[in-house]
Amino acid sequence: MRHLDFDELWKNHLFDYKDGDLLVIDDITRLNLSDYEDTAPDFVIALFCAEGRMMLTIEDREYHIGEGCLFVYLPGQTMNSIMLSQNAKIKVIAFARRAIDRSLYLNKYVWQQAEYIRKNPIFQLDERERLITGHYYSLMMLKTQGSEGSFHHDVVRMLFQTLMMEFMMLVERKRETLPETDSVQDSKDAIVRQSTLIYRRFMSLLAESAGRVRSVSAFANMLNVTPKYLSKCVKEESGRAPLDLIHENTITTIRQQLRYSNKTVKEICTELDFPTLSFFGKFVREHLGMSPTEYRQRNLKDG
């Protein structure tokens with residue numbers, strides 16, 4: 001069994017769209033599927049069967065995916081084998097966990113459904129669900145064809161996030177149709193580890209902070225745990241250090257303010273509680289490779 005990380009997938013294959021966090025492929029048959037047998041991908045894979053059939057064996061359990069089915073693979077399991085019918089048309093969206101982490105609002109809800117999705121990875125879409133999913137997918141494919149200025153990747157990522165929210169609503173609808181006994185059992189099976197709870201609460205607080213809180217110790221105090229324990233929990237759940245997520249959250253807020261607001265650099269600095277304008281400039285330069293003013297001017301020019 002071989003571990004397969006997202007960056008390796010990103011480097012070794014040609015896809016219809018790729019931006020470091022997200023890959024889209026319109027026809028899975030172009031891949032050598034044997035390369036993915038007996039591997040444990042550490043990224044999320046969404047497969048939609050438009051025609052034909054597909055059979056996946058994961059952890060020695062067979063899944064038969066027919067026309068109109070959506071299959072969602074979550075990291076942490078071994079993909080033993082992949083088989084397609086001759087007329088199979090399978091569309092794929094693969095994304096690194098950080099693609100969800102970048103959207104703190106999305107992150108807040110996706111992982112709450114993870115246990116249910118892992119146990120129930122196949123979703124048979126009805127006519128309306130297929131129509132909605134198809135429209136989102138077609139629009140994503142249309143927007144991925146060529147670059148359209150500095151907002152190009154932002155638009156694709158927002159479309160992806162919206163598609164994910166549609167999927168979350170789909171999961172909720174499917175869960176609501178479960179018999180009561182199954183729902184109770186599902187709740188019992190979804191008992192969450194302490195580290196998972198800490199991580200979720202940390203991500204919620206991070207979203208609420210809107211870039212204003214920038215130290216691990218401050219978040220640890222809010223959660224009544226030590227910084228060391230918080231770091232351990234976040235590392236276990238996301239594979240990343242909490243300070244990386246904190247800085248990413250802050251710089252995402254700064255980028256949005258510089259690109260989309262009319263606030264001055266000083267106003268943004270003050271709003272985000274940086275001690276001085278020079279410290280703010282140093283932080284931005286460290287993460288964006290240029291000063292706040294340069295970043296704003298460049299994006300205004302490109303846009």
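Note that the numbering runs from 1 along the sequence shown for the chain.
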### Task
Determine whether the aromatic ring centres of Phe95 and Phe160 lie less than 6.0 Å apart.
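Aromatic pair counts; centres sit under 6.0 Å.
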
### Side-chain donor-acceptor pair present, Glu267, Gln257, cut-off under 3.5 Å
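Per modelled atom types, Glu267 and Gln257 side chains form no pair under 3.5 Å.
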
### Query
Side chains of Ser291 and Thr293: is there a donor and an acceptor less than 3.5 Å apart?
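The criterion, which ignores hydrogens and geometry beyond distance, is not satisfied for Thr293 and Ser291.
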
Are the side chains of [X] and [Y] in touch, meaning some heavy atoms are under 4.5 Å apart?
X	Y	answer
Phe71	Ile90	no
Glu129	Gln124	no
Ile268	Phe274	no
Leu47	Leu70	no

### Query
Is Lys232 paired with Glu236 through a side-chain N to carboxylate O contact shorter than 4.0 Å?
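So Glu236 pairs with Lys232 through a salt bridge.
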
### Message
Can you tell whether the side chains of Arg53 and Glu67 come within less than 4.0 Å, N to carboxylate O?
### Response
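Between Glu67 and Arg53 there is no salt bridge, as every charged N stays at least 4.0 Å from the carboxylate O atoms.
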
#### Entry: Over 12 foreign heavy atoms within 6.0 Å of CD, Glu59
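For Glu59, atom CD is crowded (more than 12 foreign heavy atoms under 6.0 Å).
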
### Task
Taking atom CE of Met83 as the centre, report whether more than 12 heavy atoms of other residues, nucleotides or ligands fall under 6.0 Å from it.
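Check fails, neighbour count at 12 or below.
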
### Member of Thr133, Thr162, Val72 meeting the side-chain contact (heavy atoms from CB on, under 4.5 Å) criterion with Phe167
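Testing each of Thr133, Thr162, Val72 against Phe167, the sole residue satisfying side-chain contact (heavy atoms from CB on, under 4.5 Å) is Val72.
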
### Message
Given the ring of Phe219, does Arg214 sit roughly above its face, with NZ or CZ under 6.0 Å from the centre of the six-membered ring and within 45° of the axis?
### Response
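No, Arg214 does not sit over the ring of Phe219.
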
#### Entry: Pairs involving residues 223-255, ordered by first then second residue, that meet ring pair (Phe, Tyr, Trp, His ring centres under 6.0 Å) (sequence neighbours left out)
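Output for this query lists His247-Phe283, His247-His287.
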
### Task
State whether the side chain of Asn80 and the backbone N or O of Asp38 hold a donor-acceptor pair below 3.5 Å, judged by distance alone.
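A pair under 3.5 Å: no.
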
### Query
Side chain of Lys91, backbone of Ile28: donor and acceptor closer than 3.5 Å?
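No; judged by distance alone, with no hydrogens or angles, the pair does not exist.
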
### Query
Taking only residues two or more places apart in sequence or in another chain, which ones pass salt bridge (Lys or Arg N to Asp or Glu O under 4.0 Å) with Glu51?
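Glu51 satisfies salt bridge (Lys or Arg N to Asp or Glu O under 4.0 Å) with Lys89 once adjacent residues are dropped.
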
### Message
Could you report the tightest heavy-atom contact between Pro41 and Met79, atom names first, then the distance?
### Response
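Of all heavy-atom pairs spanning Pro41 and Met79, the closest is CG-CE, 4.4 Å.
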
### Query
Honestly curious: do Tyr116 and Met169 fall in one hydrophobic cluster under the side-chain, below-4.5 Å linking rule?
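No: no chain of side-chain contacts under 4.5 Å links Tyr116 to Met169.
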
